[in-house]
There are 2 protein chains.
Amino acid sequence: METETTFNIGILAKATGTKVETIRWYERVGLLSAPDRTSGNYRAYGAAHLGRLSFIRRARDLGFSLDQIRTLLDVAGQQDLPCEAVDAIAREHLEEVDRKIADLQALRRELDSLIGQCRHGRVAECRIIEALAPSKT
Amino acid sequence: METETTFNIGILAKATGTKVETIRWYERVGLLSAPDRTSGNYRAYGAAHLGRLSFIRRARDLGFSLDQIRTLLDVAGQQDLPCEAVDAIAREHLEEVDRKIADLQALRRELDSLIGQCRHGRVAECRIIEALAPSKT
DNA sequence: CTTGACCCTGTAGCGACCACAGGGTCCATA
DNA sequence: TATGGACCCTGTGGTCGCTACAGGGTCAAG
């Protein structure tokens, strides 16, 4: 049996565009399994870790939460299950994203009309402040 | 001189749709001034507090950060300054919102195409998992 | 043998709260 | 007057996903 080539955390970090601290944190919260250690107590990663971390990072880029990623990784390991669970997580996330977009667009409209009312005078007659402030008594 | 009518934190909370703990937290971080206390050490709020908290809540609803709100409140108190500072904060925030919307829309497109590829088979040949996983060796 | 780049653990901080625990206060009702 | 329950107090710890130290150890090059 041949020995797998291993590398330090810094290499893994660079290869995946992740900060070293973030990798250690993924290990702490159980997303990344604890790797073997060298004689000097350094973490020694292999190709499997690289693959798993790349997966995590891509999913993060797509906005999945760590909990969702945990589930995705779990399911990805159960190769002969139907992939409906995967689909469900992705769809749920899509809906969340849609909701966020709608919220932000509503907010944008409000902000925009607020700004449109600014007459560039004194604070005393500022429409933006007025709009935020409660009705004066 | 007449004594101002005052009310407890719970009343203020209900009136503004804020949790009691949140009000106390605004006080801790200096957004809301510490009110007088009753003989029983209860916070006694008045109309000014109600106004200020309403302002904060509306600004929060529009997505301003507490730091931005702090500045807005500062400026709102300087009635004869030009209101450009207010305008600038609002515009900056609008740009931020626009950026977030664009990011989310890009993400949405990616997610959507990912989901569109699901053939509802086994995890082993799931396109979603494949798309996330690194190229197999 | 020293320098400097890397690595280790552990802890604290971010923003904007929320949720207790373990007490004190107040008021209406019995 | 006693009691029960709704309210209030402070202080601490948790959330999410990291980031940033502090105070050390390891390793390879010169």
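We name chains A, B, ... by the order of the sequence lines, and we start the count at 1 in each one.
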Produce the list of close N/O pairs, under 3.5 Å, pairing protein atoms with atoms of nucleotides 19-24 of chain D; give distances to one decimal.
unit_1 : atom_1 : unit_2  : atom_2 : d
D/dT19 : OP2    : A/Thr22 : OG1    : 2.8

Nearest-angstrom distance from the residue atom [atom1] of [X] to [atom2] of [N]:
X       : N      : atom1 : atom2 : answer
A/Ile11 : D/dA28 : CD1   : C1'   : 14 Å
B/Arg60 : C/dC17 : CZ    : C1'   : 9 Å
B/Ile56 : C/dA16 : CD1   : C1'   : 13 Å
A/Glu27 : D/dC18 : CD    : C1'   : 15 Å
B/Leu12 : D/dC7  : CG    : C1'   : 15 Å
A/Phe7  : C/dC6  : CZ    : P     : 17 Å
B/Ile23 : C/dC18 : CD1   : P     : 11 Å
B/Ile69 : C/dA16 : CD1   : P     : 8 Å

So, [X] side chain and [Y] main chain: donor-acceptor pair closer than 3.5 Å or not?
X       : Y       : result
B/Ser54 : B/Leu50 : yes
A/Thr16 : A/Leu12 : yes
A/Arg60 : A/Phe64 : yes

* Asked: With a 4.5 Å limit on heavy-atom distance, are the side chains of A/Gln105 and A/Ile101 in contact?
  -> yes
* Validation row: A/Tyr45, A/Thr6 side chains within 4.5 angstrom (heavy atoms) ->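 A side-chain contact under 4.5 Å is absent here.
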* Asked: Going by number, which of residues 36-48 of chain A have a non-hydrogen atom under 4.0 Å from DNA chain D?
  -> A/Ser39, A/Gly40, A/Tyr42
* Looking at residues 91-110 of chain B, who's got a heavy atom less than 4.0 Å off DNA chain D? -> none
* Taking only Lys NZ, Arg NE, NH1 and NH2, and the carboxylate oxygens of Asp or Glu, determine whether A/Asp103 and A/Lys100 approach each other closer than 4.0 Å. => no
* Apply side chain to side chain donor-acceptor pair (under 3.5 Å) to A/His93 and A/Ser65, showing your working. => CA-CA 9 Å; A/His93 181 45; A/Ser65 73; over 6 Å; no
* Pick base, sugar-phosphate or nothing for A/Asp67, based on heavy-atom distances below 4.0 Å to the nucleic acid. => nothing
* To do: Looking at every strand, decide which applies to B/Tyr26 at a 4.0 Å heavy-atom threshold: base, sugar-phosphate, or nothing.
  => sugar-phosphate
* Please step through side-chain contact (heavy atoms from CB on, under 4.5 Å) for the pair A/Leu32 and A/Trp25, ending with a clear verdict. => CA-CA 9 Å; A/Leu32 219 45; A/Trp25 189 73; over 6 Å; no
Would one find more than 12 heavy atoms of other residues, nucleotides or ligands at under 6.0 Å from atom [atom1] of [X]?
X        : atom1 : value
B/Asp36  : CG    : no
A/Arg127 : CZ    : no
B/Arg28  : CZ    : no

* Which one, D/dG17, C/dC7, C/dC17, comes nearest to the side chain of A/Leu66? ->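 That would be D/dG17.
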* **Degree of bending, the helix from C/dC1-D/dG30 to C/dA30-D/dT1 (end axes from five pairs; round to 10°)** => 30°
Review item, side-chain donor-acceptor pairs of residues 77-88 of chain B, under 3.5 Å, at least two apart:
unit_1  : atom_1 : unit_2  : atom_2 : d
B/Gln79 : NE2    : B/Ala76 : O      : 2.9
B/Asp87 : OD2    : B/Arg91 : NE     : 2.8

* Taking only residues two or more places apart in sequence or in another chain, which ones pass salt bridge (Lys or Arg N to Asp or Glu O under 4.0 Å) with B/Asp61? -> none
* To the nearest 0.5 Å, what is the distance between CG (B/Leu31) and OH (B/Tyr26)? ->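 Atom-to-atom, B/Leu31:CG and B/Tyr26:OH are 7.0 Å apart.
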